[in-house]
Amino acid sequence: MIKIVAYYGRYQNKTSLSIEPGGILHNETETSNKNNSQMSKYKIQMPSRSALAMLHLLQENDAYRKLFSSLWNDNISIKIRLKPEKDLMDVQGNQLSSILLWEYIELEDALHWLSTLGGAFSNLGEHDRKFAVKAGDNALKQLIVAQKFGDKMVIAKCWLFVAMSLMQQEYFDKAAFIVKRVHAHCRNARGIKDLAGSGKLVAMCRGIWARLQYEARKSQNSTPAQNNEEVEIEFKFTPPSDFLQKLEDLGAEKLKFKTMKDVYLDTPKFELIRKDNWLRYRDGKIELKVPVESEHHKARNTVYKELTCLRDIEQHLGYKVPPDVENLPDGWIILATVETRRQHWAWQQFNIVHDKLPDGFEIGEIELVSSSSDPCHLAAMTAKLDKIAAQLGLAKQVKGKVNHCLRTQNPEAFKILSDEQEKYENEKP
């Protein structure tokens with residue numbers, strides 16, 4: 001007979017069974033003391049789950065029990081001390097772990113794709129501002145994914161990507177603030193100083209900082225000179241049905257097509273539009289259109305300087321202006337928001353655009369750019385604009401897409417602007 005006893009320490013939770021020769025399960029769980037004294041005794045240790053699984057097979061499976069008895073001599077006693085094991089994962093726990101694992105796999109994959117896409121946008125952003133904006137949006141998506149991971153190193157890198165985007169958009173102060181914060185975090189013992197790779201992040205911060213200083217100096221040195229030189233003179237018109245065909249017959253070259261979003265700001269008393277000043281944020285970039293005093297500006301041709309340097313804009317207006325349209329300070333309102341699909345053409349020295357708004361409104365503009373606001377020079381440019389307007393059969397007009405949007409977005413401003421423009425409509429060149 002083979003007697004098997006399985007127990008934990010000090011015979012707690014004891015389980016036993018007896019097997020007779022031939023693999024027959026003995027009905028009694030205990031044998032006499034006499035038989036016990038004649039048995040060969042073995043003591044072994046087994047993991048609890050393995051031992052209990054073996055006992056279950058011995059009780060329930062005849063083939064396994066016969067095989068087991070054939071490998072052991074009769075009259076033996078086997079005492080199995082069960083070793084406690086850590087709880088294994090149950091079915092529900094396995095499902096939860098599987099969901100969590102796949103979530104991390106998908107997040108990591110998304111992070112890699114966003115990183116590749118962000119590099120492409122950032123590279124294109126060196127030449128086109130709208131791609132710099134997309135690079136910033138992409139970096140914010142990377143930041144969301146990184147925060148779900150909880151990886152502090154990746155989070156810090158994403159913030160540097162945001163700073164790069166802001167630098168390309170010429171928001172130098174915001175970019176500098178982010179770079180300083182990340183650099184301090186890398187050098188702080190409570191931050192990520194002791195993490196592997198923090199040294200590389202410090203080097204990245206220094207590299208971006210050097211580039212940031214260079215770009216800021218270049219912007220300060222170049223932008224004011226450009227603003228003092230270039231003057232735009234243009235006229236607006238409602239495109240006739242055969243306008244595109246006329247451009248083709250003229251030999252105009254069809255150039256780029258783009259979509260853009262302009263947000264115009266003013267004070268609550270509309271101080272800017274009363275002076276014919278237009279503070280515009282085009283795809284996040286600030287511009288101020290300032291009228292050049294001339295008879296040509298009042299003769300259905302508009303003559304403006306465009307200021308794009310924040311310092312020059314504030315110097316011209318005499319007060320601070322918001323750096324962006326988010327969270328406007330007191331004393332500023334959104335005058336109008338204009339979303340436009342624009343098609344460009346070029347013919348000789350003329351810039352020709354055809355704008356279409358989401359509601360179907362269409363407007364055209366023909367523009368010349370001058371390096372001088374000398375009255376004689378402006379007169380020559382006006383003559384050229386008059387000639388092309390007659391050649392294409394276009395009727396000049398003062399009102400444009402801003403008037404159209406103000407009608408529904410800001411009726412009070414629309415009335416003020418209409419009253420001012422009514423004076424110009426009654427004057428002839």
Do Gln168 side-chain atoms and Ser122 backbone N/O form a donor-acceptor pair below 3.5 Å? yes

Does Arg187 have more than 12 heavy atoms from other residues, nucleotides or ligands lying within 6.0 Å of its CZ? no

Ignoring hydrogens and angles, tell me if any N or O in the side chain of Glu314 forms a donor-acceptor pair with the backbone of Val321 under 3.5 Å. yes

Could you walk me through whether Tyr304 and Glu234 pass the side-chain contact (heavy atoms from CB on, under 4.5 Å) test, one step at a time? CA-CA 9 Å; Tyr304 289 101; Glu234 66 183 23; 5.5 Å; no

Any idea which heavy atoms bring Phe270 and Ala413 closest together, and the distance? CE2-CB, 3.6 Å

Closest non-hydrogen atom pair between Trp278 and Asp276, with its separation: NE1-OD1, 2.9 Å

Asp262 and Val402, any side-chain heavy atoms less than 4.5 Å apart: no

So for atom NZ, which belongs to Lys401, do other residues, nucleotides or ligands contribute more than 12 heavy atoms lying within a distance under 6.0 Å? yes

Does the Thr267 side chain pair with the main chain of Trp332, one donor and one acceptor, at a distance under 3.5 Å? no

Carefully, step by step, assess Tyr8 and Ser48 under the rule side-chain contact (heavy atoms from CB on, under 4.5 Å). CA-CA 9 Å; Tyr8 287 99; Ser48 59; 3.4 Å; yes

Side chain to side chain donor-acceptor pair (under 3.5 Å) partners for Lys180, two or more places apart: none

Lys152 atom NZ: more than 12 heavy-atom contacts under 6.0 Å: no

Do Phe161 and Gln142 touch side chain to side chain, with heavy atoms closer than 4.5 Å? yes

How would you list, by chain and number, every residue that makes a side chain to side chain donor-acceptor pair (under 3.5 Å) with Asn188, sequence neighbours excluded? none

Residue pair Phe172 / Leu310, side-chain heavy-atom distance below 4.5 Å: no

According to side chain to side chain contact (heavy atoms under 4.5 Å, CB included), who are the partners of Gln343, at least two apart in sequence or on a separate chain? Lys254, Phe257, Trp345

Is there a side-chain contact between Thr337 and Cys405 (heavy atoms, below 4.5 Å)? no

Please tell me if the side chains of Gln349 and Leu368 come closer than 4.5 Å, counting only heavy atoms from C-beta onward. yes

From CD1 (Ile4) to CD1 (Ile78), nearest 0.5 Å: 5.0 Å

Look at atom NZ of Lys289 and say whether more than 12 heavy atoms of other residues, nucleotides or ligands are closer to it than 6.0 Å. yes

So, do Leu406 and Leu335 sit near enough that their side-chain heavy atoms are less than 4.5 Å apart? yes

Residues that Gln245 engages under side chain to side chain donor-acceptor pair (under 3.5 Å), provided they are two or more places apart: Asp249

Counting only heavy atoms not in Gln315, do more than 12 sit closer than 6.0 Å to its CD atom? no

Can you name the ring pair (Phe, Tyr, Trp, His ring centres under 6.0 Å) partners of Phe243, sequence neighbours left out? Phe237

Work out which heavy atom in Pro358 is nearest to a heavy atom in Glu339; give both atom names and the distance. CD-O, 3.2 Å

Working to the nearest 0.5 angstrom, can you tell me the gap between Leu357 CG and Thr340 OG1? 5.0 Å

Quick one: pull up CG in Asn138 and CG in Leu143 and give me the separation to the nearest 0.5 Å. 11.5 Å

Heavy-atom count check: over 12 atoms from other residues, nucleotides or ligands less than 6.0 Å from Arg280 CZ? yes

Quick one: salt bridge (charged side-chain N to carboxylate O under 4.0 Å, His left out) pairs with a partner in residues 91-108, sequence neighbours left out? none

Can you list the steps and then say if Trp209 with His183 is a side-chain contact (heavy atoms from CB on, under 4.5 Å)? CA-CA 10 Å; Trp209 183 257; His183 184 266; over 6 Å; no

Minimum heavy-atom distance between Asp266 and Ile273, given as atom pair plus value: OD2-N, 3.1 Å

Determine whether Val182 and Met204 make a side-chain contact, defined as any pair of heavy atoms from C-beta on separated by less than 4.5 Å. no

Any chance you could measure Ile416, atom CD1, to Lys269, atom NZ, to the nearest 0.5 Å? 12.0 Å

Is a side-chain donor or acceptor of Ser98 paired with a backbone partner of Asn94 at a separation under 3.5 angstrom? no

Asn301 and Met381: CA distance, side-chain angles, deciding distance, side-chain contact (heavy atoms from CB on, under 4.5 Å) verdict: CA-CA 10 Å; Asn301 290 328; Met381 296 178 67; over 6 Å; no

CD (Gln92) with more than 12 external heavy atoms under 6.0 Å: no

Carboxylate-amine/guanidinium proximity below 4.0 Å for Asp137 and Lys141: no

For the CG atom of Leu166 and the CG atom of Asp173, what is their distance to the nearest 0.5 Å? 10.5 Å

What are the two closest non-hydrogen atoms of Phe235 and Leu385, and how far apart are they? CE2-O, 3.6 Å

Can you confirm whether Phe414 sits close enough to Thr408 that some side-chain heavy atom of one is under 4.5 Å from a side-chain heavy atom of the other? no

If you draw a 6.0 Å radius around NZ in Lys258, do more than 12 non-hydrogen atoms from other residues or ligands fall strictly inside? yes

Which of these passes side-chain hydrogen bond (donor to acceptor under 3.5 Å, both in side chains) with Thr238: Glu362, Lys399, Gln397? Gln397

State whether Glu271 and Lys275 are salt-bridged, where the test is any N-O pair (Lys NZ or Arg NE/NH1/NH2 against Asp/Glu carboxylate O) under 4.0 Å. no

Which pair of non-hydrogen atoms, one from Lys236 and one from Val398, has the smallest distance, and what is that distance? CD-O, 3.8 Å

Distance in Å, Leu57 CG paired with Leu52 CG, rounded so as to fall on 0.5 Å steps: 11.5 Å

